[in-house]
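A short worksheet on the structure shown next.
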Amino acid sequence: SALARANADDIKKTVEAFSGDTQQQIQILALGSEIHVRKKRHITLIEAINEAKSAIDVAKYFGITDISVGLEDATRAGDAYLHDLIMACIEAGAQTIVIPDTVGAMIPEEIYLLIDKVRQWVGPTIK
């Protein structure tokens, strides 16, 4: 498994690093909060969602079938954006969604509630 930013060059280099391994998983790092979208990257929420979907498409193009998406700073996201991003990633082909607490914004009980909410959104087939 390898982590790549949500851009074609990083994904291509990651696939090259796998060097023919038969079990390949890529985790695509997506912008998981409005704060990172607006302040770090200076793009719109729609552009961030489209960037994640495009990155998943690139990974599939290179033959990766086990695709994980790590949502950077997800614990500071609003529900609407987080929901839309997660559902778009799943529709695009992600099988695993990772919810990191990038900056330590939540206590364990809050993380539990967030993960429970996400589980309700995605259903039992998504890891």
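With contacts defined as side-chain heavy-atom distances shorter than 4.5 Å, the pair K53/E91 does not qualify. Counting heavy atoms from C-beta on, the side chains of F62 and I26 never come closer than 4.5 Å. Looking only at side-chain heavy atoms (C-beta outward), R119 and V122 come within less than 4.5 Å of each other.
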Check against side chain to side chain contact (heavy atoms under 4.5 Å, CB included), L114 and L82: CA-CA 10 Å; L114 177 59; L82 192 60; 3.8 Å; yes
Show, in sequence, the C-alpha distance, side-chain angles and deciding distance for Y81 and L71, and conclude whether the side chain to side chain contact (heavy atoms under 4.5 Å, CB included) test is met. CA-CA 11 Å; Y81 173 67; L71 306 177; over 6 Å; no
Might you work through the side chain to side chain contact (heavy atoms under 4.5 Å, CB included) test for I90 and W121, ending with a clear yes or no? CA-CA 11 Å; I90 291 168; W121 294 340; over 6 Å; no
Evaluate the side chain to side chain contact (heavy atoms under 4.5 Å, CB included) criterion for residues L31 and I43: first the C-alpha distance (whole Å), next the side-chain angles of each, then the deciding distance (0.1 Å), finally the verdict. CA-CA 10 Å; L31 297 168; I43 61 177; 3.9 Å; yes
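Smallest separation of non-hydrogen atoms from A77 and G32: CB-O, 3.0 Å. When all heavy atoms are compared, the tightest approach of A92 to D57 is O-OD1, 4.2 Å. Here the shortest heavy-atom pairing between I97 and C89 reads CD1-CB, 4.3 Å. In this structure, I64 and Q24 approach most closely via the heavy-atom pair CD1-OE1, 2.9 Å.
Other residues, nucleotides and ligands contribute over 12 non-hydrogen atoms within 6.0 Å of the CG atom of L113. Counted within 6.0 Å of NZ on K12, heavy atoms from surrounding residues, nucleotides or ligands total 12 or fewer; the atom is thus considered open. The environment of CD in E16 is crowded: more than 12 heavy-atom neighbours from other residues, nucleotides or ligands sit within 6.0 Å.
Of the possible donor and acceptor atoms, none in the side chain of K13 sits under 3.5 Å from a partner among the backbone N and O of A4. Between the side chain of R76 and the main chain of M106, no donor-acceptor pair closer than 3.5 Å is present. S68 places no side-chain N or O within 3.5 Å of a backbone atom of Q27 that could act as its donor or acceptor partner.
Taking CG from L85 and CG from L45, the interatomic distance works out to 9.5 Å, rounded to the nearest 0.5 Å. Note that OG1 of T75 and CD1 of I107 are 12.0 Å apart. Values are rounded to the nearest 0.5 Å. The distance from the CZ atom of F18 to the CD atom of Q25 is 8.0 Å, given to the nearest 0.5 Å. Note that CD1 of I67 and CD1 of I11 are 8.5 Å apart. Values are rounded to the nearest 0.5 Å.
Listed by chain and number, the residues in a side-chain hydrogen bond (donor to acceptor under 3.5 Å, both in side chains) with T44 are E47 (sequence neighbours excluded). A search for salt bridge (charged side-chain N to carboxylate O under 4.0 Å, His left out) contacts involving K117 returns D79, not counting sequence neighbours. Evaluation of the side-chain hydrogen bond (donor to acceptor under 3.5 Å, both in side chains) rule for K40 yields E72 as partners, not counting sequence neighbours. For the salt bridge (charged side-chain N to carboxylate O under 4.0 Å, His left out) test, no residue two or more places apart in sequence or in another chain qualifies with R38. For the salt bridge (charged side-chain N to carboxylate O under 4.0 Å, His left out) test, residues two or more places apart in sequence or in another chain that qualify with R5 are D10.
Legend: salt bridge (charged side-chain N to carboxylate O under 4.0 Å, His left out) pairs involving residues 94-114, not counting sequence neighbours: none detected.
If you chain together hydrophobic residues whose side chains sit under 4.5 Å apart, I126 and V98 never meet in one group. When the side chains of ILVMFWY residues are joined at heavy-atom separations under 4.5 Å, either directly or via intervening members, I35 and V103 end up in two distinct hydrophobic clusters. Note on Y61 and I28: same hydrophobic cluster, where clusters join Ile, Leu, Val, Met, Phe, Trp and Tyr whose side-chain heavy atoms are under 4.5 Å apart, directly or indirectly. With hydrophobic clusters built from ILVMFWY side chains whose heavy atoms lie under 4.5 angstrom apart, L29 does not share a cluster with V15.
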